[in-house]
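Quick caveat, the model's predicted, so the values are computed rather than measured.
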Amino acid sequence: GATTTTAGQLSGTYSIQQQSTLRYVDADQSAPWQAVTRLSQAHDPSQKLTQRWLIQEVKKDSYTIQQVSTMRYLDADQIEPWHVVTRESQASIPSQKLTQRWIIVYDEVYQSYTIQQNSTMRFWDADQSEPWRVVTRESQASIPSQVRTQRWIIKKQVGPRATTTTAGAGATTATAGAGATTTTAAGATTTTSGAGATATTAGNGATTTTAGATTTTAGATTTT
């Protein structure tokens, strides 16, 4: 259920691995909310969403990153010790919102990404041994033995998404929850919710609701 992401816009749920250790970015589920790297938790249903990250573009190459399990935003100290942590949204605080904006750029040479905090322009990095904390540091690009500590492998995962897009005359697309999809375009509405359930409304108010199957009607309502 994972694909390696290359250059281009990021949007959706991802895992993030440090290239030097191949450990996954994770974060505490309670105070102090520290971001760390850990071995994969994919085999543990109660833990795997702590290593899933909802990445959404704010503007070109600038993103917010939320932990799926808590929906808290990745942020980082503006002074020593430069720890990366999760916090509630700071979007309403002009002096703080750029601490939760991350410049994510694909590196063709290392086939991975760099991640910089917009407010400090410092790069994501992480301890190579205990306690495995994720921090921000100045660029290590000139130090061959350290470059990969600041390179991150980002892989698309199947999981919760939350995006809203409005385009064209009354066309709206909204995705919320684990695979739930709602699309409205020129009076037509499609909703996918849960395991393959699909509802379609087209123009004249026709509605079809299914669970694991698809039925199409026009001007009437059918439920299976």
Side-chain angles (χ1 to χ4, degrees), residues 2 5 8-42 47-107 112-128 131-140 148-157 159-163:
T5 302
Q9 181 183 15
L10 299 170
S11 179
T13 302
Y14 299 83
S15 63
I16 307 173
Q17 287 175 278
Q18 188 180 37
Q19 195 173 60
S20 58
T21 63
L22 293 180
R23 291 167 63 90
Y24 291 82
V25 177
D26 202 327
D28 297 334
Q29 302 298 282
S30 58
W33 307 105
Q34 174 71 50
V36 296
T37 64
R38 295 191 174 111
L39 298 181
S40 174
Q41 306 288 313
Q47 296 295 319
K48 70 178 182 179
L49 294 185
T50 68
Q51 295 182 348
R52 295 291 185 268
W53 301 93
L54 178 62
I55 301 178
Q56 296 181 283
E57 189 173 46
V58 179
K59 61 181 181 180
K60 183 175 172 55
D61 295 333
S62 182
Y63 299 84
T64 58
I65 307 174
Q66 287 175 272
Q67 188 180 35
V68 169
S69 60
T70 63
M71 297 308 289
R72 290 167 62 91
Y73 291 80
L74 282 174
D75 202 326
D77 299 334
Q78 303 299 282
I79 57 174
E80 290 280 358
W82 306 108
H83 289 166
V84 176
V85 297
T86 65
R87 294 190 174 110
E88 298 295 331
S89 174
Q90 306 290 304
S92 64
I93 308 173
S95 65
Q96 296 295 318
K97 68 180 181 180
L98 292 184
T99 68
Q100 294 182 348
R101 299 287 189 272
W102 301 94
I103 300 167
I104 306 177
V105 178
Y106 189 70
D107 185 332
S112 55
Y113 288 82
T114 57
I115 304 175
Q116 279 179 283
Q117 190 178 34
N118 209 317
S119 58
T120 63
M121 298 305 289
R122 292 167 63 90
F123 290 83
W124 267 23
D125 205 324
D127 299 332
Q128 302 298 283
W132 306 108
R133 290 167 302 194
V134 180
V135 297
T136 65
R137 292 190 175 112
E138 298 295 331
S139 173
Q140 306 290 304
R148 292 180 190 274
T149 69
Q150 294 185 344
R151 297 297 182 272
W152 302 88
I153 301 165
I154 299 177
K155 293 182 180 179
K156 189 73 175 277
Q157 304 289 327
R161 299 177 299 278
T163 59

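- Here Gln19 contributes atom CD and Asp107 contributes atom CG; the two are 8.5 Å apart, rounded to the nearest 0.5 Å.
- For the pairing with Asp75, the salt bridge (charged side-chain N to carboxylate O under 4.0 Å, His left out) check across Arg101, Arg87, Lys97 returns one residue only, Arg87.
- For the atom pair CD1 (Ile115) and CD1 (Ile103), the distance works out to 11.5 Å, reported to the nearest 0.5 Å.
- With sequence neighbours excluded, the residues forming a side-chain contact (heavy atoms from CB on, under 4.5 Å) with Leu39 are Arg23, listed by chain and number.
- The shortest heavy-atom contact between Val68 and Leu54 is CG2-N, 4.0 Å.
- Residues Gln18 and Val25 fail the side-chain proximity criterion, which asks for heavy atoms closer than 4.5 Å.
- The closest donor-acceptor contact from the side chain of Asp127 to the backbone of Arg133 lies under 3.5 Å.
- Here the options are Gln100, Arg72, Gln56, the test is side chain to side chain contact (heavy atoms under 4.5 Å, CB included), and the partner is Gln66; only Gln56 passes.
- Asp28 and Trp33 make their closest contact through O-CE3, 3.4 Å (heavy atoms, listed as atom of the first residue, atom of the second, distance).
- For Asp26 against Gln41, the heavy-atom pair with the smallest separation is OD2-CG, 4.0 Å.
- Side-chain atoms of Gln78 and Ser119 form a donor-acceptor pair, as typed in the model, at a separation below 3.5 Å.
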Item to check | Worked verdict on Ser69 versus Gln29 for side chain to side chain donor-acceptor pair (under 3.5 Å) | outcome: CA-CA 8 Å; Ser69 60; Gln29 302 298 282; 2.9 Å; yes
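- No side-chain donor from either of Arg151 and Ser112 sits under 3.5 Å from a side-chain acceptor of the other.
- Two residues are said to be in side-chain contact when any heavy atoms from C-beta on lie closer than 4.5 Å; Phe123 and Glu138 fail this criterion.
- Using modelled atom types and a 3.5 Å distance limit, the side chains of Ser20 and Gln128 yield a donor-acceptor pair.
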